[in-house]
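Structure first, then comments.
A quick note: this is a predicted structure, and the numbers were derived from the prediction, not measured.
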Amino acid sequence: MSSTPAGGRAGSVRVRFAPSPTGYLHVGSARTALFNWLFARRTGGTFVLRIEDTDTERNREEWVEGIFSSLAWLGLDADEGPYRQSERTGAYGAAVDQLWAAGMLYACGCSREEVESRTKGNAIPGYDGHCRELGLPREGRALRFRVPDAGNVVVKDVIRGEVDFPCEAIEDFVLVKSSGSPLFVLANVVDDIDMSITHVIRGEDLLPSTPKGLLVWKALRGEDAELPVFAHLPMLVNERRQKLSKRRDPVALESYREQGYLPQAMVNYLALLGWSHPDGHEMMQVGEILESFRLEDVNHSPAFFDVAKLTHLNGEHLRKLDREAFVEACSPWLTTERAPWPSDRFDAGRFRRIAPLVQERVATLAEVPGMVDFLFLDQPVIDDDAWRALTQDPGEAMVSAAMLTGVLEAVESCDWSAATLHDATLRVGESLGRKLGRAQAPVRVAITGRRVGPPLFESMELLGRDVVQARLKAALSLIGAEARPSTGAEAASAEGDPSRAGEVSAGNPEVSAGNPERSAGTG
RNA sequence: GGCCCCAUCGUCUAGUGGCCAAGGACACCACCCUCUCAAGGUGGAGACACGGGUUCGAAUCCCGUUGGGGCUGCCA
């Protein structure tokens, strides 16, 4: 019989991802699912999905749906399942009967408090075997596994080698609750046996419970039973190097999706946590990962989940998309309620034209709306800091006004293209002794509201002459109003020049939410 | 406390006894490119936890120490 590098039987690899639906899918669980999936696809094996929902108190159906949708988003398709432990109670009952009949279990009536008070201060922690020889009837009682007093259990782990656990350190653990429902170790092992699982790939936090599972496995299938090969993946940790926790760390896979991360970037990043490509390159599509993934190459040590690196990789994947795919990926951020403009103002054609310029400037999809909002808003939202930098100093305010005036004159009749707008702005700047870099700043803020964004002249071209003129005029009035030592009411009334009231409404800037009072359009 | 795991730049890692005065990537700094910002390019700073062995030779093997983490539930 031939053998895979990982020690399994070639061609018969069966792995499973077995989450407990007590919350949304956690990035650590997603990594576990991914490695199982990669190993299965690599070896031509079978990837089984199993829902471990034996704890009816904590499981909720909506979490099951969330797990399915997150796995689908990542593209981790199962070959079998989903099986549900809640539908397999018969199998667990039969296993319990078998173990009971063989004398491997005994009933225990001790409460947790009783056990604690008896064992406090013991060298060996945990249950003390109090009910072991009492011969209590099983009805209504918890059932404990009779752990051998001596000997040891060896866990064969592809990643960590052979890990030895002395039986003395393993307490007589509970397999069945007093209510009769099975606990993790029982259900997990019975399922792995029934589903012919050959490789158990899971988080390292499960390593300490593995000898218990192996004891149960042998009790059920005999001392010589063929045991699965294990692979305990290094934990994913936070900046304090603690296991990622649902309570204090941002671990919901779904939230990354909502923040504008691409599934292929998430898969890529997750694969890099504990594994690396032999060639050392990091930006990979799932196919490339698949080509060289080997379980035995997985690391031993914990890895910090670094959002900064994920974000960088996401940017790389974003830039790799062709224009249509990028536009498609952006769609949820542009056409739903979360877009910062009224949905009827969105112009798909216009976005499509600017998309390539946006694509190379964002690292997440969530950044896209803020980069193009000026194209779909009646009035650009003027950034407070940007505005102040251009107008606070009186001398600077004069130059800004001169720039705006000069460009306003130039755009009156020039050809309407990015190139001519560029040249015109350049010339106006030169007449004021400014290079284009500084010269374009007031124009950019007048047009887009921000000092950073997509290339300015392409943006102006897309906006059209009328809107550009209106926004330049509006910014000029705003500077004029602020320059006069007048009250806000007077400034606003000076604004109400009837000769251009109509067009101002289409291009008038409005100062950002940071200072909503100072709006040129108010009054 | 007990059992178990882990230990290379801030972070993710390459490295499996000589090719390592330790390589790459993210982050950071500088410069270049440049209409802003990105992207891109060039350069810089930055690590083998410590102590013993084994060996002609150790980041790599062994032991110990220290440090970090996990588990220790009638959760999974």
Heavy atoms under 4.0 Å, any strand shown: does A:Arg58 hit a base, just sugar-phosphate, or nothing? base
Is A:Gly429 touching bases, backbone alone, or none of the nucleic acid, heavy atoms closer than 4.0 Å? nothing
Could you tell me whether the side chain of A:Arg160 has a donor or acceptor atom within less than 3.5 Å of a complementary atom in the base of B:rC5? no
Would you tell me whether A:Asp191 and A:Tyr92 have side-chain atoms, one donor and one acceptor, within less than 3.5 Å of each other? yes
Any N/O donor-acceptor pair, A:Glu360 side-chain to B:rG40 base, under 3.5 Å: no
The residue, A:Ser20 or A:Phe305, whose nearest nucleotide of RNA chain B is more 5′ is A:Phe305
How long is the line joining CG of A:Leu136 and P of B:rC74, in whole Å? 17 Å
For a quick check of understanding: with a heavy-atom distance under 4.0 Å over all strands, which category does A:Pro454 fall into, base, sugar-phosphate or nothing? base
Within the structure, does a side-chain N or O atom of A:Lys177 lie under 4.0 Å from either OP1 or OP2 of B:rC75? yes
Could you tell me whether the side chains of A:Thr32 and A:Ser29 share a donor-acceptor contact shorter than 3.5 Å? no
Roughly, in whole Å, what's the span from NZ in A:Lys243 to C1' in B:rU72? 12 Å
Can you tell me how far P of B:rU34 sits from CG of A:Leu357, to the nearest Å? 18 Å
Looking across every strand, which nucleic acid part, if any, lies under 4.0 Å from A:Phe304 by heavy atom: base, sugar-phosphate, or nothing? sugar-phosphate
Would you say a side-chain N or O of A:Thr54 is under 4.0 Å from OP1 or OP2 of B:rA76? yes
Does B:rC12 have OP1 or OP2 sitting under 4.0 Å from an N or O in the side chain of A:Arg241? yes
Let me spell it out: for each of A:Lys309 and A:His422, pick the nucleotide of RNA chain B with the closest heavy atom. Which residue's pick is nearer the 5' end? A:Lys309
How is A:Ala303 classified with respect to the nucleic acid when contacts are heavy atoms under 4.0 Å: base, sugar-phosphate, or nothing? sugar-phosphate
Hey, does A:Glu458 reach any base, or is it just sugar-phosphate, or nothing, if we go heavy atoms under 4.0 Å? base
note: A:Asp306, atom CG; B:rC12, atom P; distance rounded to Å ~ 8 Å
Indicate, with a heavy-atom threshold strictly under 4.0 Å, whether A:Leu183 touches base, sugar-phosphate, or nothing. sugar-phosphate
Once you apply a heavy-atom cut-off of 4.0 Å, does A:Gly437 come out as touching a base, just sugar-phosphate, or nothing? sugar-phosphate
Reckon A:Cys110 touches a base, only the sugar-phosphate, or nothing at all at heavy-atom distances under 4.0 Å? base
Does atom NZ (A:Lys246) have a neighbourhood of more than 12 heavy atoms from anything else shown, all under 6.0 Å? yes
Take the protein atom CZ of A:Arg319 and the nucleotide atom C1' of B:rA39, then report the distance between them rounded to whole Å. 6 Å
Take the protein atom CD1 of A:Ile354 and the nucleotide atom P of B:rC37, then report the distance between them rounded to whole Å. 17 Å
When all nucleic acid strands are considered with a 4.0 Å heavy-atom cut-off, which category describes A:Pro455: base, sugar-phosphate, or nothing? base
Is there a donor on the side chain of A:Thr425 or the base of B:rC35 sitting less than 3.5 Å from an acceptor on the other? no
What integer distance in Å separates A:Asp157:CG from B:rC6:C1'? 13 Å
Check if the side chain of A:Glu367 and the base of B:rC37 share a donor-acceptor pair of N or O atoms closer than 3.5 Å. no
Between A:Thr364 and A:Asn314: side-chain donor-acceptor atoms closer than 3.5 Å: no
Would the base of B:rU36 count as contacting A:Arg438 through its side chain, where contact means a donor and an acceptor less than 3.5 Å apart? no
May I ask you to say what A:Thr22 touches in the nucleic acid, namely base, sugar-phosphate or nothing, with a heavy-atom cut-off under 4.0 Å? nothing
Separation of atom CG in A:Asn299 from atom P in B:rU11, rounded to whole Å: 14 Å
Answer yes if the side chains of A:Arg160 and A:His232 hold a donor-acceptor pair under 3.5 Å, and no otherwise. no
